[in-house]
Amino acid sequence: MAKVLVAYATKHHSTAEIAQAVAEELRARGHDAEAVEAGSATAEGYDAVVLGSATYMGRWRREARHFLSHERDRLARIPFWVFSSGPVGEPKDDASPEDDKWLEPRKVIAQAEDAGVREHVVFGGRLPEEPSGYIEKGMVSGTPEEFRDRRDWDEIRAWADRIADELTG
Ligand SMILES: Cc1cc2nc3c(=O)[nH]c(=O)nc-3n(C[C@H](O)[C@H](O)[C@H](O)COP(=O)(O)O)c2cc1C
């Protein structure tokens with residue numbers, strides 16, 4: 001059994017729910033996992049870490065960026081995984097490689113790879129139910145209701161299962 005930290009950074013809570021689902025699945029698979037806000041988390045004392053952030057305007061939330069740089073040396077010594085949560089709206093058929101930078105910030109991924117991240121993935125996100133400001137309100141009203149929450153719980157749990165398996169060895 002591994003002691004696993006699932007650290008997350010969120011603005012409107014949907015990434016917190018993904019982190020909680022990952023932690024729950026890890027616990028169901030016999031590990032001791034807890035989801036904690038990245039701003040108040042440390043990797044010290046954990047056997048493994050999952051770090052996730054919502055992506056806004058192609059950037060991770062500050063708490064997750066800080067966690068990655070401040071905890072870099074600890075992360076380099078233990079298994080760790082990264083997820084970004086973001087894409088909403090109707091999935092595009094004609095996505096170009098240039099679109100990728102809006103899904104996973106390149107600098108963050110380079111830093112994570114440098115510290116030996118096992119895997120980094122992108123999960124669909126959810127637009128806020130109570131948008132603040134005209135940009136968020138515009139995004140919500142411009143997005144058909146069925147594409148406002150693109151989180152795929154089966155995909156999220158399957159990823160956590162893979163992590164659980166790797167930790168079990
Ligand atoms: C103003 C705004 C900008 C966004 N920019 C991006 C982006 O650059 N890339 C992306 O994948 N998702 C983007 N999103 C979608 C959010 O990442 C998505 O809603 C996410 O699930 C929010 O997570 P949270 O509820 O944890 O804050 C944006 C959403 C808003 C409202």
Side-chain angles (χ1 to χ4, degrees), residues 4-27 33-43 49-71 75 80-113 117-163:
V4 190
L5 168 70
V6 185
Y8 63 88
T10 180
K11 182 178 181 195
H12 286 293
H13 204 63
S14 65
T15 308
E17 289 174 359
I18 295 175
Q20 278 150 10
V22 169
E24 221 170 81
E25 190 66 18
L26 290 170
R27 285 196 297 273
E34 58 179 341
V36 181
E37 279 201 292
S40 52
T42 166
V49 169
V50 177
L51 173 62
S53 178
T55 306
Y56 283 88
M57 310 305 279
R59 302 190 76 194
W60 260 20
R61 305 284 297 162
R62 188 184 37 179
E63 298 83 359
R65 284 188 271 122
H66 285 186
F67 184 93
L68 183 58
S69 41
H70 293 163
E71 301 289 321
L75 292 173
F80 84 100
W81 288 261
V82 154
F83 72 86
S84 303
S85 77
V88 286
E90 196 161 359
K92 284 194 200 168
D93 291 333
D94 57 348
S96 75
E98 261 308 285
D99 293 333
D100 288 356
K101 69 172 187 226
W102 296 102
L103 305 178
E104 285 187 306
R106 285 179 183 158
K107 195 173 155 202
V108 161
I109 297 308
Q111 279 177 322
E113 282 179 341
V117 69
R118 296 258 177 128
E119 195 186 357
H120 54 92
V121 296
V122 175
F123 293 129
R126 182 201 63 191
L127 284 171
E129 274 158 13
E130 290 176 15
S132 54
Y134 73 96
I135 295 179
E136 289 190 3
K137 284 183 182 150
M139 276 181 78
V140 172
S141 63
T143 303
E145 215 169 328
E146 66 269 35
F147 298 119
R148 288 182 193 163
D149 186 349
R150 291 231 342 243
R151 292 171 301 170
D152 177 337
W153 299 107
D154 289 341
E155 180 193 15
I156 291 162
R157 281 190 286 265
W159 187 63
D161 284 344
R162 286 214 304 280
I163 292 175

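Just so you know, ligand 1 is whichever comes first in the structure, and atom 1 is the first atom listed for that ligand. Numbering starts at 1 and runs along the sequence shown. Since we're looking at a predicted model, the values are computed, not measured.
Between D94 and K92, no side-chain nitrogen of the basic residue sits less than 4.0 Å from a carboxylate oxygen of the acidic one, so the salt-bridge criterion is not met. Taking the charged nitrogens against the carboxylate oxygens, E104 and K101 have no contact shorter than 4.0 Å, which rules out a salt bridge.
Here the heavy atom of the protein found nearest to atom 7 (C) of ligand 1 is W102 O, 3.5 Å. Among all protein heavy atoms, the one lying closest to atom 14 (N) of ligand 1 is T55 O, 3.4 Å. Atom 24 (P) of ligand 1 has S14 OG, 3.3 Å as its closest protein atom, hydrogens excluded (heavy atom only). Of all protein heavy atoms, the one closest to atom 22 (C) of ligand 1 is Y56 OH, 3.3 Å. From the protein, the heavy atom lying nearest to atom 18 (C) of ligand 1 is G86 O, 3.5 Å. Looking from atom 5 (N) of ligand 1 to the surrounding protein, the closest heavy atom is M57 N, 2.9 Å. In terms of protein heavy-atom proximity, atom 20 (C) of ligand 1 is nearest to R126 O, 3.8 Å.
Both tests do not hold together for R118 against F80: distance to the six-membered ring centre under 6.0 Å, angle to the ring axis within 45°.
Looking at T15 against ligand 1, both its backbone and its side chain come within 4.0 Å, counting heavy atoms. Using a 4.0 Å cut-off between heavy atoms, H13 contacts ligand 1 through its backbone alone, with no side-chain atom that close.
Counted by atom type alone, W60 and S84 present one or more donor-acceptor pairs between their side chains at under 3.5 Å. Judged by distance alone, the side chains of E119 and W159 do bring a donor and an acceptor atom under 3.5 Å apart. Remark: the H66 side chain and the E71 side chain contain no N/O donor-acceptor pair separated by less than 3.5 Å.
For ligand 1, the polar-atom distance check finds no N/O of E136 at less than 3.5 Å from any of the ligand's N/O atoms. Close N/O approach between L103 and ligand 1 is not found [any backbone or side-chain N/O within under 3.5 Å]. Considering both main-chain and side-chain atoms, M139 never comes within under 3.5 Å of ligand 1 through any nitrogen or oxygen pair.
Pairs of residues two or more places apart, or lying in two chains, that qualify as salt bridge (charged side-chain N to carboxylate O under 4.0 Å, His left out) and include a residue from residues 130-146 are K11-E136.
Shown here is E129, whose CD atom has no more than 12 heavy atoms of other residues, nucleotides or ligands within 6.0 Å.
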